[in-house]
A.B. asks: 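Take a look at this one; I'll ask things after.
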Amino acid sequence: MKDDTPKTSAVKERKVKGKVEIDIQKCKGCELCINSCKENALSLSDTINIKGYRYIIANNDVCNGCVNCALVCPDAVITVYRTHPKKKPVDITPANIKEQLHSMISPSK
Amino acid sequence: MKDDTPKTSAVKERKVKGKVEIDIQKCKGCELCINSCKENALSLSDTINIKGYRYIIANNDVCNGCVNCALVCPDAVITVYRTHPKKKPVDITPANIKEQLHSMISPSK
Amino acid sequence: MLEELIVAGFGGQGVLSLGMTLAYAGMVENKEISWMPSYGPEMRGGTANCMVIVSDKKISSPIISSFDSAIVLNQPSMDKFEARIKPGGLLLYESGNIFKPSTRTDIDIIGITATTEALQMKNAKIMNMIMLGAYLQLKPIVQIDSILEALKKVLPEKYHFLLAINKQALEKGEMMVHQPKVEIL
Amino acid sequence: MLEELIVAGFGGQGVLSLGMTLAYAGMVENKEISWMPSYGPEMRGGTANCMVIVSDKKISSPIISSFDSAIVLNQPSMDKFEARIKPGGLLLYESGNIFKPSTRTDIDIIGITATTEALQMKNAKIMNMIMLGAYLQLKPIVQIDSILEALKKVLPEKYHFLLAINKQALEKGEMMVHQPKVEIL
Amino acid sequence: MTEAKLMKGNEALAEAAIQAGCDAYFGYPITPQSEVLEYLAREMPKHNRLVMQAESEIASINMVYGAAGAGFRTMTSSSSPGISLMQEGISYLAGAELPCLIVNVNRAGPGLGTIQPGQGDYFQSVKGGGHGDYKMIVLAPASVQEMADFVYLGFDLADKYRNPVLILSDGAIGQMMEKVVFNPYTKPVVDKSSWATTGKPKTRERNYITSLFIQPERMEVHNLKLEEKFKLIRQNEVRFEEINTADAEYLFVAYGLSARICQKAMDLAREKGIKVGLLRPICVYPYPYQRLEELAPQVKFMLSVELNSGQMVEDVQLAVKGKVPVEFYGKLGGLLFTPEEILQQLEKLIQQYHAN
Amino acid sequence: MTEAKLMKGNEALAEAAIQAGCDAYFGYPITPQSEVLEYLAREMPKHNRLVMQAESEIASINMVYGAAGAGFRTMTSSSSPGISLMQEGISYLAGAELPCLIVNVNRAGPGLGTIQPGQGDYFQSVKGGGHGDYKMIVLAPASVQEMADFVYLGFDLADKYRNPVLILSDGAIGQMMEKVVFNPYTKPVVDKSSWATTGKPKTRERNYITSLFIQPERMEVHNLKLEEKFKLIRQNEVRFEEINTADAEYLFVAYGLSARICQKAMDLAREKGIKVGLLRPICVYPYPYQRLEELAPQVKFMLSVELNSGQMVEDVQLAVKGKVPVEFYGKLGGLLFTPEEILQQLEKLIQQYHAN
Amino acid sequence: MQTNEQVLPLPTLDIAVPGCQEDEYEMVYHKPSTLVEVNMHYCPGCAHSLVHKLLMEVVEEMDIQEKTIGIAPVGCSVFAYDYMNIDMQEAAHGRAAAVATAVKRLMPEKYVFTYQGDGDLAAIGIAETLHAINRGENILIVFMNNAVYGMTSGQMAPTSLAGMKTTTSPEGRDTSFSGYPIKVAELMAVLPGAFYVTRQTVNNAAAVRRTKKALEKAFQYQHLNKGTCLVEIIGNCPSNWKMTPMESSKFIDEEMVKTFPLGDIKLPKAEDLKNNQEEK
Amino acid sequence: MQTNEQVLPLPTLDIAVPGCQEDEYEMVYHKPSTLVEVNMHYCPGCAHSLVHKLLMEVVEEMDIQEKTIGIAPVGCSVFAYDYMNIDMQEAAHGRAAAVATAVKRLMPEKYVFTYQGDGDLAAIGIAETLHAINRGENILIVFMNNAVYGMTSGQMAPTSLAGMKTTTSPEGRDTSFSGYPIKVAELMAVLPGAFYVTRQTVNNAAAVRRTKKALEKAFQYQHLNKGTCLVEIIGNCPSNWKMTPMESSKFIDEEMVKTFPLGDIKLPKAEDLKNNQEEK
Ligand SMILES: Cc1ncc(C[n+]2csc(CCOP(=O)(O)OP(=O)(O)O)c2C)c(N)n1
Ligand SMILES: Cc1ncc(C[n+]2csc(CCOP(=O)(O)OP(=O)(O)O)c2C)c(N)n1
Ligand code: SF4
Ligand code: SF4
Ligand code: SF4
Ligand code: SF4
């Protein structure tokens with residue numbers, strides 16, 4: 001599954017993981033964030049928000065929290081989080097992870 | 001007569017003689033011409049003109065027609081004449097010159 | 001004949017040009033017309049609308065408070081103008097952009113998926129012409145030919161190659177009102 | 001008591017300060033006063049004047065068309081104001097600057113050579129005070145002492161050393177009107 | 001080109017300027033009239049006319065001064081805040097007796113206000129927004145057609161009286177599209193050689209343009225000359241339109257867009273049998289005082305309808321001198337009243353008057 | 001310092017500004033009022049107040065906007081052409097509801113005109129020279145004493161209504177010297193914290209100063225609020241002086257300098273047994289319409305006397321609503337009429353009225 | 001409508017990644033609290049919004065909300081006071097510098113800035129701007145240069161590039177007719193009253209960082225009372241440039257900077273930089 | 001009065017000098033015929049009158065009276081049209097450059113100049129001046145810089161020297177409050193539209209000759225259509241400087257030129273000087 005390979009490998013290589021939150025109702029779909037993102041974490045939705053704009057969807061698995069997107073976002077709709085490079089991640093993966101993952105990922109297919 | 005000496009000698013030394021005409025009713029007595037005149041040909045009257053200004057009197061015997069006074073005169077009241085250095089002056093001095101001179105010069109004393 | 005129409009939607013949905021095309025068509029048929037746009041910065045991203053009056057007689061006031069028909073292309077416009085349609089009037093809307101359809105029972109209400117159709121025709125811009133086609137099918141106040149005449153004036157020379165697809169769009173609109181797909185939202 | 005006076009001459013002859021000194025003196029004596037100057041670029045070289053009203057009663061109009069007295073310091077002012085002196089009024093002028101004296105017979109006319117006197121006193125500027133002294137001798141509407149009071153206000157501190165010569169000027173003026181030298185022009 | 005066109009009021013005005021032989025236009029962008037500058041920027045060069053975007057309205061009006069002073073047919077246009085900035089310049093133009101056309105596409109104020117239509121600049125236009133005693137002929141178009149027609153008229157009147165002329169329009173008429181026909185027009189030849197600054201030939205005295213008369217005696221002469229002119233204007237240039245006044249028991253008085261809306265209201269009223277008429281001043285200066293006074297005895301009241309807080313109503317009152325009650329109905333903020341709304345107001349008043 | 005001083009009107013006004021606690025003055029030189037700036041340039045720094053010579057009247061009025069918006073007591077002054085340049089700014093100040101004092105030492109126009117006194121800016125002052133619907137309280141001093149007194153009053157009214165106040169003087173009153181007493185005055189404490197831009201503490205919402213309401217619905221609300229205020233002003237702030245009206249058969253109506261001259265004319269007339277009275281509007285906005293209407297039945301005619309071509313006379317006409325004839329006598333060009341002249345005019349009219 | 005479902009997957013997917021937990025995340029960027037919680041009216045990708053954000057970041061970080069007064073212009077940013085949560089005044093078109101002068105002179109301890117477009121500052125407002133700077137007013141002038149009149153929809157500005165097509169230069173700006181674009185920063189830097197003058201842009205993350213630094217400095221300098229800080233920012237106007245925001249960013253790099261080179265134009269003299277609080 | 005007798009002696013005395021005859025004299029200076037035969041209202045020694053004279057000399061010598069239009073300012077020289085015998089317009093205070101722009105654009109073959117004081121040009125009129133020059137209007141701007149407002153009697157101008165006492169800077173111009181005097185010529189020279197910029201004075205015969213040359217050139221350049229010529233002339237204001245005319249001349253040499261150095265500031269490029277008549 002193409003969807004899985006980068007994800008797992010990502011975990012191996014990257015120390016720091018990031019994630020972004022998009023305030024989609026404020027997003028104007030200007031796409032400036034998209035091309036500021038080296039990791040191609042961001043893409044445009046097919047549907048429009050209440051203001052009639054297509055908005056940004058983030059693939060946080062590849063986000064490294066570099067903050068570029070948030071910096072260039074004119075409308076300040078992006079909030080960025082980042083894991084602390086030092087802190088060792090505690091594995092709290094539940095037993096039934098496979099099923100969970102499957103059930104979760106399928107819809108986006 | 002102090003009045004005579006410079007005059008005659010002047011004729012000897014100077015090739016070029018000048019003279020100025022002052023439109024005294026337009027003169028404002030600013031004295032700029034006075035200090036532009038190297039020959040000290042210009043001086044201020046004691047009486048005032050119709051506009052209430054003391055005005056300029058010229059002693060044309062010492063004027064060399066350098067035009068400086070006319071140039072610096074803000075109110076364009078000075079007209080300047082000059083003899084041609086080449087032309088040899090023709091002596092048309094009348095016989096009774098002495099009497100004439102005398103009768104003429106006395107009033108301005 | 002007197003038709004007082006409002007066209008309203010997002011800026012960029014071709015609201016003003018829809019109205020203008022209709023107005024030109026009216027002129028082609030020597031009718032009296034007036035076209036009154038909303039203007040100002042709210043057009044920026046926000047909503048735009050225009051009032052179009054087509055009449056046989058001289059038009060007194062270009063300002064109208066209630067409408068014989070409304071062509072509505074987004075929700076804000078629906079909220080704003082739904083109530084101002086005269087009883088027995090027509091409400092035509094682009095259903096892809098509307099999630100709270102009208103609840104009025106005293107007017108004809110028809111929604112069509114013009115946006116989707118336009119995308120299928122590979123040109124989002126012609127959505128407004130689909131709406132116009134649909135409108136004229138329901139309110140034939142001018143001939144389609146007059147519209148095509150008008151388009152020649154509205155479109156700058158260099159865009160005349162688009163006349164064909166606009167024609168298709170108009171026809172598409174005409175058809176759609178016969179079998180309106182009412183959407184499940 | 002009501003005195004309506006005009007003072008007129010060239011800019012720089014101290015016309016305005018003459019009037020102002022008189023006005024201040026009036027105030028020293030708790031009289032009502034108004035002082036209305038001419039203003040504007042014509043002061044440049046040209047003529048200046050001021051209307052002074054001194055009265056026991058409240059002054060209504062500060063603008064007056066005819067005068068009880070006129071103090072005239074140059075020919076243009078003579079030409080302008082001679083005719084506007086009330087019959088029985090006073091015309092006081094600086095004769096050194098006047099070459100067309102008044103021909104009126106219904107007013108008191110007095111010319112004094114204040115300029116020459118001032119030059120003799122080695123201060124051309126005090127000509128106006130000589131005129132004022134003469135005027136007050138003829139129209140004692142305020143006390144000389146009040147004038148001296150007033151001068152203290154009109155003159156900036158640093159010029160108070162001039163008070164003495166001003167006093168002399170005033171007195172000189174008073175004297176002169178007793179034996180006015182009428183000039184041959 | 002007498003074939004009808006569909007045009008915005010602003011564009012029609014601009015096109016008319018070209019056809020009226022306007023030599024030079026100077027302007028600065030402002031909503032809702034920027035189309036004038038934009039249209040002319042596109043079209044004027046094709047006719048080798050001068051069109052310049054100035055750095056401000058103040059520059060615009062003073063460029064107009066220069067162009068008019070040199071004898072050229074010239075104009076500027078703006079909207080309310082921009083027109084306020086021109087007040088000194090306008091006073092200078094009137095003082096120096098320079099013919100020119102000024103267009104105000106009125107938006108609602110005060111201050112930055114809104115860009116929506118309004119008639120709040122009436123007083124400024126007709127009483128004199130600038131300093132000193134001067135008047136402008138003020139034309140108030142009520143349709144896109146008049147936006148065009150009044151340009152010809154305006155230029156001709158400006159030349160006739162050597163006085164600035166103002167077209168007082170509003171955002172709605174500027175922005176709306178209607179049919180317009182550009183009637184054939186030939187620019188009259190006006191001899192300006194006696195005053196225009198085109199360079200002094202030996203054969204005449206120098207010409208100079210000025211509004212300065214430092215000697216009050218000379219200023220007075222100039223003022224009286226101007227007053228004579230304004231008197232003449234009041235005699236010759238009163239313009240108005242009357243509809244249904246013959247049998248009118250009530251009278252709407254309204255200009256520009258308001259008049260259009262009143263007309264509809266009048267139609268609705270007449271359908272209901274209410275005998276209301278409409279008097280529409282076409283010139284708001286000079287004002288049709290006399291005609292209104294004549295109509296006074298015949299009507300129960302007059303209703304001045306304006307997109308402001310009550311300005312022209314004072315002129316209506318001045319006209320009727322108390323002979324008939326004068327009512328006012330207004331709308332503010334750039335909102336427009338609807339015909340129905342005005343009808344309601346009329347009916348309400350009628351009831352009140354019956355009550356008393 | 002209640003001891004009387006001999007001062008020019010302009011200087012008295014300037015001194016009063018200092019005593020009224022004016023925090024900031026911004027101005028640009030212009031005859032006949034430059035003494036205001038010059039006096040304050042000398043004196044304000046001694047009281048650590050701000051006095052700035054701006055680069056233009058436009059800068060001045062916008063500096064006033066900034067100072068007023070920050071909650072400071074502020075003023076500017078100029079003369080006719082300069083005031084015309086301020087019209088946009090004044091409209092903004094009114095729109096943004098900023099209290100401030102503006103002084104116009106009126107000279108005769110139009111254009112550059114002359115620097116001599118005039119009253120040609122009446123319409124501009126009271127009808128609104130700027131765009132949109134707004135009003136200023138307009139005080140018209142007739143003496144050097146009032147030049148001082150109206151500064152206190154003007155500032156207080158400005159604060160009371162959050163509105164610009166205009167002192168409409170003229171070159172003569174500005175330049176002439178009379179006795180003046182500066183009555184003790186304590187600056188009232190006005191809480192401006194709810195709107196002045198002094199920096200936003202956590203404890204309150206941000207304050208912002210604006211005249212912009214792009215949504216017409218919101219603009220209308222704002223306009224109506226302003227109209228309410230102007231109505232209140234019309235109710236509370238009418239000010240006028242009456243002399244000899246009790247038995248008056250004729251009435252002079254005049255403001256400022258004209259009123260002073262009329263007073264003398266009245267004295268002369270009364271000496272001749274002519275029963276003429278004088279009504280002097282102290283505020284020319286709001287205008288004493290009601291009082292004039294009351295006086296209408298009692299007099300044979302009213303004579304509006306102005307240093308212009310007939311401006312205030314319209315307000316007199318609006319007041320009396322045709323109940324009594326309204327005559328006008330004016331002077332232009334910066335010339336002043338004399339009392340005798342006005343008396344003559346009065347007598348001429350009386351004869352005419354007797355003839356008919 | 002379905003938009004809400006669209007966002008749901010994001011949080012849930014996260015915990016699907018082994019060893020990753022909500023609470024281990026630290027927030028590394030969030031919009032400043034000094035920005036009002038509303039949608040800005042600006043067009044998609046408009047630099048105005050971005051610079052508003054930067055200004056409010058600086059105000060938040062310097063903790064001077066209580067001490068800052070901004071002056072809004074007439075232009076697209078006329079609504080700035082709807083977005084910046086500080087006290088503000090909306091000035092008449094072009095007069096912001098005069099308004100700011102009064103505010104700052106009367107409250108010297110406050111931080112005062114104007115925010116102006118190129119039409120506002122360089123056309124109608126050049127006199128007030130030039131004189132304020134010549135007087136050395138201790139204010140910050142934030143000059144948004146997008147080379148057109150945005151608000152009135154795309155007319156030529158004094159800063160429009162040579163050959164640039166606008167609604168009032170349909171054939172492109174003809175320099176022989178309209179003159180060359182005014183280089184405001186260079187021009188004003190000539191005046192002794194100008195203390196710090198720089199030109200920046202915001203069309204990429206690095207540029208944004210530099211611009212923010214410049215604004216920070218300019219704010220800090222206000223307490224030196226040494227004169228005016230002018231920060232010219234090359235903005236964009238996708239709507240009137242008839243470009244996508246991304247194209248507009250490219251246009252800045254490829255065209256705008258040729259006429260308006262980026263970088264510091266006038267830097268404070270070293271001796272001026274020791275923070276002496278003495279007031280004028 | 002006796003004034004007339006005073007002048008009589010001069011002509012008679014002349015023929016008293018042997019060998020000297022009326023007709024041998026040639027007139028070497030007479031005021032230009034283009035100057036109106038009236039008394040100018042200016043104060044004694046005011047440079048305005050002198051520069052009026054120079055301008056009219058140039059117009060006479062170039063024989064362009066018929067082709068010259070002047071724009072007068074508001075200032076002491078507001079009456080210029082009473083003295084210069086050419087067509088003129090009196091512009092509103094500060095707006096001469098805007099007026100001249102229109103006149104020249106509509107009559108490109110004419111010679112158009114403005115004549116402005118420092119209050120008029122540098123204070124209220126700086127915007128119109130700067131924009132006209134930036135557009136490269138083919139006009140001549142004669143800028144009379146006397147460092148004060150003369151007409152309104154002696155207030156501070158943007159050009160008043162540091163420390164200069166005026167009626168509105170009674171303690172002397174405080175640069176920390178009012179900024180430094182604006183060096184108009186240097187500032188405007190920065191603009192590409194400025195073609196020829198020079199600063200001269202007229203306080204002695206040599207200076208007068210230089211100024212006249214500069215004005216001549218500036219007139220001649222108008223036909224090149226290469227941009228604006230700005231001739232700044234350091235004038236005087238004896239009345240408001242509270243000096244005699246002679247003292248004022250000295251003050252120029254000793255003080256004014258320190259702040260306003262004399263000489264050419266921007267000279268035309270050689271290639272621009274070949275007279276190509278092509279119009280804009
Ligand atoms: C006195 C005046 N003139 C003109 C206008 C119209 N107007 C509003 S914004 C603007 C220019 C805006 O351009 P810019 O300053 O570059 O700002 P931008 O919109 O590009 O950000 C103009 C001319 C006005 N409001 N007031
Ligand atoms: C709009 C306006 N503001 C102010 C004035 C008053 N005023 C007349 S001349 C002048 C300044 C004159 O100074 P300057 O330009 O230096 O010329 P100068 O008199 O020194 O030759 C001023 C402020 C005016 N006439 N119009
Ligand atoms: S930059 Fe901001 S507004 Fe633009 S698309 Fe990205 S998130 Fe949306
Ligand atoms: S320069 Fe001219 S005005 Fe001055 S004193 Fe000499 S002649 Fe008279
Ligand atoms: S028009 Fe231009 S400047 Fe204005 S908001 Fe849109 S993009 Fe920004
Ligand atoms: S005031 Fe000054 S500038 Fe004016 S004329 Fe007198 S000296 Fe010349």
Side-chain angles (χ1 to χ4, degrees), chain E residues 22-26 28 48-74 76 86-93 95-96 98 100 130 193-215, chain H residues 33-34 36 41 59 63-74 78-112 114 124-135 137 139 151 279-280:
Chain E
C22 175
D23 298 305
Y25 171 94
F26 307 92
Y28 187 78
N48 294 298
R49 314 276 184 77
L50 177 61
V51 55
M52 283 186 78
Q53 179 175 337
E55 59 270 29
S56 71
E57 291 85 357
I58 289 185
S60 305
I61 197 68
N62 287 286
M63 288 174 178
V64 165
Y65 183 99
F72 292 87
R73 187 164 263 203
T74 181
T76 184
M86 295 184 185
Q87 291 307 319
E88 187 207 21
I90 291 173
S91 180
Y92 267 74
L93 283 158
L98 294 180
C100 63
S193 59
S194 63
W195 56 267
T197 60
T198 52
K200 178 204 175 305
K202 303 264 168 299
T203 54
R204 68 157 164 83
E205 285 303 296
R206 71 189 183 285
N207 289 337
Y208 55 84
I209 304 297
T210 188
S211 62
L212 170 70
F213 301 89
I214 199 75
Q215 265 69 32
Chain H
S33 66
T34 42
V36 178
H41 73 290
V59 167
D63 189 21
I64 54 173
Q65 184 181 27
E66 196 159 343
K67 288 216 199 123
T68 306
I69 291 106
I71 313 298
V74 176
V78 69
F79 299 105
Y81 55 77
D82 283 335
Y83 311 134
M84 303 192 192
N85 194 11
I86 54 172
D87 283 0
M88 289 194 80
Q89 295 192 25
E90 200 294 300
H93 189 34
R95 320 305 178 190
V99 172
T101 294
V103 173
K104 178 71 178 189
R105 291 274 182 147
L106 288 161
M107 302 186 291
E109 73 287 0
K110 297 288 200 289
Y111 296 83
V112 178
T114 74
I124 195 170
I126 194 86
E128 288 73 19
T129 307
L130 191 148
H131 279 285
I133 296 175
N134 189 65
R135 287 188 304 261
E137 301 297 340
I139 57 172
M151 178 73 144
E279 294 298 310
K280 271 194 180 167

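Lettering of chains follows the sequences in order, A, B, ..., and the numbering in each one begins at 1. Values in this document were obtained by computation on a predicted structure and should not be read as measured data.
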A.B. asks: Output the distance between atom CZ (H:Arg95) and atom OH (E:Tyr65), rounded to the nearest 0.5 Å.
C.D. replies: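 Taking CZ in H:Arg95 and OH in E:Tyr65, the distance rounds to 13.0 Å.
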A.B. asks: Does the side chain of H:Arg105 come within less than 4.5 Å of E:Met63's, by heavy atoms?
C.D. replies: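 The answer is no; the side chains never approach within 4.5 Å.
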A.B. asks: Taking C-beta and beyond as the side chain, do H:Tyr81 and E:Ile209 meet within less than 4.5 Å on heavy atoms?
C.D. replies: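 Sidechains of E:Ile209 and H:Tyr81: no contact.
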A.B. asks: Could you look at H:Ile86 and say if it's the side chain, the backbone, both or neither that has a heavy atom under 4.5 Å from chain E?
C.D. replies: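 Contact with chain E: backbone only.
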A.B. asks: If you check every heavy atom in residues 124-131 of chain H against those of chain E, which residues fall under 4.5 Å?
C.D. replies: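 Hits under 4.5 Å: H:Ala127, H:Glu128, H:His131.
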A.B. asks: Which atom pair, heavy atoms only, marks the closest approach of H:Val78 to E:Leu212?
C.D. replies: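 What the structure gives for the nearest pair is CG2-CD2, 3.5 Å.
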A.B. asks: Calculate, to the nearest 0.5 Å, the distance between atoms OG1 and CE belonging to E:Thr197 and H:Met107 respectively.
C.D. replies: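 It is 5.5 Å, given to the nearest 0.5 Å.
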A.B. asks: Supply the atom-to-atom distance E:Ile214 CD1 to H:His41 NE2, rounded to the nearest 0.5 angstrom.
C.D. replies: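 Reported value, rounded in 0.5 Å steps: 9.0 Å.
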A.B. asks: Need one label for H:Thr68: side chain, backbone, both or neither, based on atoms under 4.5 Å from any heavy atom in chain E.
C.D. replies: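 Contact with chain E involves the backbone of H:Thr68 alone.
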A.B. asks: Please classify the contact of H:Asp82 with chain E as side chain, backbone, both or neither, using a heavy-atom distance under 4.5 Å.
C.D. replies: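 For H:Asp82, the contact with chain E is made by backbone and side chain together.
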A.B. asks: Using 0.5 Å steps for rounding, measure from the CE atom of H:Met88 to the CG atom of E:Asn207.
C.D. replies: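 Between H:Met88 CE and E:Asn207 CG, I get 13.0 Å after rounding to 0.5 Å.
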A.B. asks: Can you list everything that forms a ring-ring contact (aromatic ring centres under 6.0 Å, His included) with E:Phe26? Sequence neighbours excluded, please.
C.D. replies: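 Scan of E:Phe26 (ring-ring contact (aromatic ring centres under 6.0 Å, His included), adjacent residues dropped) gives none.
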